[in-house]
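Chain letters run A, B, ... following the sequence lines, proteins first, then strands; residues in each count from 1.
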There are 2 protein chains.
Amino acid sequence: MEQIEVFKALSNKTRLQILAWLKEPEKFFPDYKFANEPECLGVCVGHIQQKAGLTQSTVSEYLAILQRAGLVTATRSGQWTYYKRNEETFALLSNLIASDL
Amino acid sequence: MEQIEVFKALSNKTRLQILAWLKEPEKFFPDYKFANEPECLGVCVGHIQQKAGLTQSTVSEYLAILQRAGLVTATRSGQWTYYKRNEETFALLSNLIASDL
DNA sequence: AATATATATCGACTTTTTCCGATATTCCTA
DNA sequence: TAGGAATATCGGAAAAAGTCGATATATATT
């Protein structure tokens, strides 16, 4: 985990918002299915984009930033890319701040 | 605590370094005294600046950023301003990431 | 193969951040 | 009260990030 990359990724309102949405997809994405099923892949870019109200390119870029920071994972399935939170990184970050930072 | 302000403050190599130095002042600042005494005020700007190898103005500004984020506190005493970590904010941030983010 | 849909990447422009030198402020001491 | 030392603030140049529209790529459908 690249500390600084993670902090930079978290230094943006929209990206924080996206992470919050992805924490409770069934709450924030009406069309979201399979939230509680193991095969759940996440939320696709289009839905996130609509909710964010920014252009497709911007949201795609933001998701790439979050992914490079390890905060989300991406799964391509058909024409869609599904993003979901990577809770492991959040846990690592929390511990890092509590003890190493 | 302003989330984004904190994350922005942590998105810089030098500032992270300063926080690390302030965690163990007796280790990183040879001239540092009173480390384990209650009246310890912190480390003054000049020492931090020397170690950082950046200009006085830049380091002063960085310390102000850390202070506004609540990550350090400043105490003026005579012509010196002493900075030290505000562990409370680190703890809050760690918890926030663990549960709310 | 042609077209449509979802996403990613590119190029450009604007805003923010980084970092500097110069100057101002504050406080100490002669 | 004048000068010196420590720190803060200001103004600017360069680099990075934010954001867009246009285009490219990948996949699905006909």
**Student:** Let me have the donor-acceptor pairs involving side chains of residues 94-101 of chain B, under 3.5 Å, with sequence neighbours excluded, atom names and distances please.
**Tutor:**
unit_1 : atom_1 : unit_2 : atom_2 : d
B:S94  : OG     : A:S94  : O      : 2.9
B:S94  : OG     : A:S94  : OG     : 3.2
B:N95  : ND2    : B:A91  : O      : 3.4
B:S99  : OG     : B:N95  : O      : 2.8

**Student:** In whole Å, I'd like the distance from the CG atom of B:L54 to the C1' atom of D:dT7.
**Tutor:** 16 Å
**Student:** Rounded to whole angstrom units, what separation is found between the CG atom of A:L16 and the P atom of D:dA17?
**Tutor:** 16 Å
**Student:** Can you name the residues that form a side-chain contact (heavy atoms from CB on, under 4.5 Å) with A:Y82, not counting sequence neighbours?
**Tutor:** A:L41, A:C44, A:S77, A:W80
**Student:** Quickly work out the B:Q49 CD to C:dG21 P distance and round it to whole Å.
**Tutor:** 11 Å
**Student:** Write down the distance between CD (B:Q50) and P (D:dA5), rounded to a whole number of angstrom.
**Tutor:** 15 Å
**Student:** Who are the side-chain contact (heavy atoms from CB on, under 4.5 Å) partners of A:E24, not counting sequence neighbours?
**Tutor:** A:E26, A:K27, A:F28
**Student:** Can you list the residues that meet the side-chain hydrogen bond (donor to acceptor under 3.5 Å, both in side chains) rule with A:T81, with sequence neighbours excluded?
**Tutor:** none
**Student:** Whole Å only: how far is the CD1 atom of B:I65 from the C1' atom of D:dA8?
**Tutor:** 13 Å
**Student:** Summarise protein proximity over nucleotides 1-17 of chain C in one line of letters, 5' to 3': B for base, S for sugar-phosphate only, - for none, counting protein heavy atoms closer than 4.0 Å.
**Tutor:** ----BSBBB-------S
**Student:** Between A:R85 (side chain) and A:K23 (backbone), is there a donor-acceptor pair under 3.5 Å?
**Tutor:** no
**Student:** Starting at CD1 of B:I48 and ending at P of D:dT7, how long is that distance when rounded to a whole Å?
**Tutor:** 9 Å
**Student:** For residues 50-75 of chain B, which side-chain donor-acceptor pairs fall under 3.5 Å, sequence neighbours excluded?
**Tutor:**
unit_1 : atom_1 : unit_2 : atom_2 : d
B:T55  : OG1    : B:S57  : OG     : 3.3
B:T55  : OG1    : B:T58  : N      : 3.3
B:T55  : OG1    : B:T58  : OG1    : 3.0
B:Y62  : OH     : B:N12  : ND2    : 3.4

